[in-house]
Amino acid sequence: MIVSFISAPAIYFWRTDRSGVNEIDDRWIDAGRVEDLPIDQWRKEMLLFQRQDRWASFERKELIYINRNDQDITVFSAICPHAACLIRKNDEGFGCPCHKSNFANDGLVLSGPSPRSLDRLDTKVQDGRLYVKYEKFRSGTNAKEVIG
Amino acid sequence: MGPLRWIITVSAVTSLVFLGLVILSGWGMAGSYVPSLTDAFPSTLYMEKYSSGGHLLRSIHYYSSSGLVFSGFVFLCCFYISGFAAKYHKSWILGVVLYLLIIGSAFTGYVLPMDQNAYWGTKVRLGIMDTVPLVGTAIADFLRGGATFNSSTLPRFFTLHGSVFATAICLCLFILSQSRKSVFIQYLSDQRFNVTLLVSIILFFVLINSFSARLELPADPADIDYNPRPEWYFLWLFQFGKYVEWAPWIQSGVLPLLGVGFLFAVPWLRNHGQKRRSAIVVSWCLVWLVLTGLAIIDDQDLHQNPNYSEGMAFGAEKNFNRLCIDCHGPGGLGDGPEAQAFDLQTPNFTAREFWNNTDEQQMIIAIKDGKGNDMPDFGESLTYEQILALIYHIEKSFKPNYQE
């Protein structure tokens with residue numbers, strides 16, 4: 001009883017002091033010129049950017065997969081929606097080395113434990129450059145919940 | 001004294017000694033460890049490679065904790081088989097709590113070095129925790145201080161590992177020792193026991209000093225080729241998880257709940273007799289062995305994750321081929337295509353005179369700041385550690401009569 005009263009302020013602080021909830025950073029990351037992207041070909045790209053996490057600012061390195069065809073540009077986060085391992089490109093689409101989830105080229109689950117299809121990231125084109133809205137989503141859930 | 005009593009005594013003493021070693025070496029390391037995303041790895045690397053006693057401290061901590069997980073397990077098994085669990089149910093419950101706290105410390109300590117192994121292993125485990133029904137996500141977020149790895153993740157794990165769990169362990173030990181005071185005093189006043197203990201600890205230090213606690217390259221969240229694997233004592237759970245992928249809550253919720261529930265219920269279960277209890281322990285050990293074996297067999301084709309020096313050596317070779325080879329040439333003769341095309345002054349790494357006139361410090365400066373008009377500076381693109389590894393690579397590949 002007494003111990004739980006004494007530790008309440010500490011536990012309250014740990015509960016409420018969270019990162020990624022009220023971030024004010026601009027999430028649109030420059031991913032290079034659109035015309036440099038080959039047509040109908042998947043490319044693995046590394047996004048480099050700076051993100052503020054409470055008191056500290058960090059260099060972030062995040063992997064994405066980009067495909068451009070005649071109409072639009074598809075960008076998938078390389079983070080597997082199941083347990084947050086990094087997916088790899090294979091012949092049928094994408095595969096996760098950790099728990100063997102397989103995804104088609106449109107991101108749909110072909111086999112394995114992944115609860116949802118690959119996380120598609122928002123894109124916009126401005127002055128001939130591709131901008132990707134880089135977000136992380138909670139893994140292991142059916143819904144796509146933004147966590148950072 | 002029967003063999004069972006003997007094993008109980010030995011494993012209890014061993015566990016206590018390991019526990020003491022783990023706590024003391026942990027305090028030692030806390031003297032120069034910094035729990036932050038940017039400094040955790042450099043401070044660990046400093047301890048391992050450049051400080052005078054850090055290597056031994058890390059080894060003691062690493063191997064004692066593994067030993068503790070093992071000897072504690074042996075103790076609990078024998079205590080259960082012998083029927084003491086029902087007889088001394090308070091001690092049994094405290095012992096189980098103590099063991100769970102030790103497992104908790106192992107879990108929270110794993111991430112602290114912030115190398116590849118630490119980062120990926122912890123990420124996977126927190127991912128598993130996320131799948132615990134109802135409370136999993138809340139607990140994982142509570143521990144991480146958010147839904148992803150962030151600035152307060154390491155401070156929190158460090159606090160749990162070194163303060164919260166360590167204090168709870170000491171408290172448990174204190175309560176346990178109260179009821180066994182006479183036994184402790186009897187042992188500590190036995191001269192032969194003290195000498196044996198002291199000699200074994202010294203032997204342990206000497207033995208351990210020639211091994212190193214694993215340290216891999218710094219954590220790289222974008223390394224697509226890394227294969228995270230848990231510690232040996234968690235391999236079975238990892239393997240089990242592969243069979244119930246369709247329902248991860250069995251691995252993360254049902255199984256641990258059953259296991260812990262069984263341990264706590266042991267004193268009040270119908271007392272089956274020693275044969276039955278032995279059968280339960282043996283069959284559990286068999287399940288453990290089979291699952292661990294299967295996990296090892298499954299991983300046979302995977303490439304081994306490189307440790308720090310292997311990783312740096314591999315990186316140095318790549319850096320040489322990327323940055324140096326155009327001038328210095330593939331054989332280190334200074335005859336690369338650029339050097340020939342522009343008639344540059346490039347030294348011959350295979351010549352004895354070069355090594356007679358150059359020391360390591362000069363090479364570090366040359367790589368860092370450049371040299372003369374022809375050698376560019378790489379201080380921006382290579383870290384100090386990478387430069388050292390590069391020099392080591394050059395020496396190993398080209399220096400005449402090179403010896404390790």
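Every chain is numbered from 1 and lettered A, B, ... according to where its sequence line falls, protein lines coming before strand lines. The figures here come from the full heavy-atom set of this structure, side chains too, leaving out hydrogens, waters and symmetry mates.
At a threshold of 4.5 Å between non-hydrogen side-chain atoms, the residues Trp55(A) and Ser152(B) count as touching. Asp141(B) has its side chain within reach of Arg138(A): a pair of non-hydrogen atoms, C-beta onward, lies under 4.5 Å apart. Counting heavy atoms from C-beta on, the side chains of Asp53(A) and Phe149(B) never come closer than 4.5 Å.
The 12-atom threshold is not exceeded at NZ of Lys90(B), counting heavy atoms of other residues, nucleotides or ligands nearer than 6.0 Å. Sparse packing is recorded around NZ of Lys44(A), with 12 or fewer heavy atoms of other residues, nucleotides or ligands lying under 6.0 Å away. More than 12 heavy atoms of other residues, nucleotides or ligands shown are found within 6.0 angstrom of NZ on Lys242(B). Around the CZ atom of Phe314(B), the shell of radius 6.0 Å holds no more than 12 heavy atoms that belong to other residues, nucleotides or ligands. The number of heavy-atom neighbours closer than 6.0 Å to CH2 of Trp232(B), taken from other residues, nucleotides and ligands shown, is above 12.
Per-residue heavy-atom pair counts under 4.5 Å with chain A were compared for Ser151(B), Ala147(B), Gly146(B), and the maximum is reached by Ser151(B). Highest contact tally toward chain B, considering only Thr141(A), Asp17(A), Ile87(A), is held by Asp17(A) [criterion: heavy-atom pairs under 4.5 Å]. By number of non-hydrogen pairs under 4.5 angstrom with chain B, the leading residue of Arg88(A), Lys136(A), Met46(A), Arg15(A) is Arg88(A).
A side chain to side chain donor-acceptor pair (under 3.5 Å) with Asn150(B) is found for one member of Arg51(A), Arg18(A), Arg54(A) and no other, namely Arg54(A).
Rounding to the nearest 0.5 Å gives a distance of 8.5 Å between CG of Asp223(B) and NZ of Lys61(A).
For residues 154-178 of chain B, a heavy-atom distance under 4.5 Å to chain A picks out Arg156(B), Thr159(B), Leu160(B), given by residue number.
Residue Ile147(A) comes nearest to Thr148(B) through the heavy atom pair CD1-CG2, 3.5 Å, listed as atom of the first residue, atom of the second, then distance.
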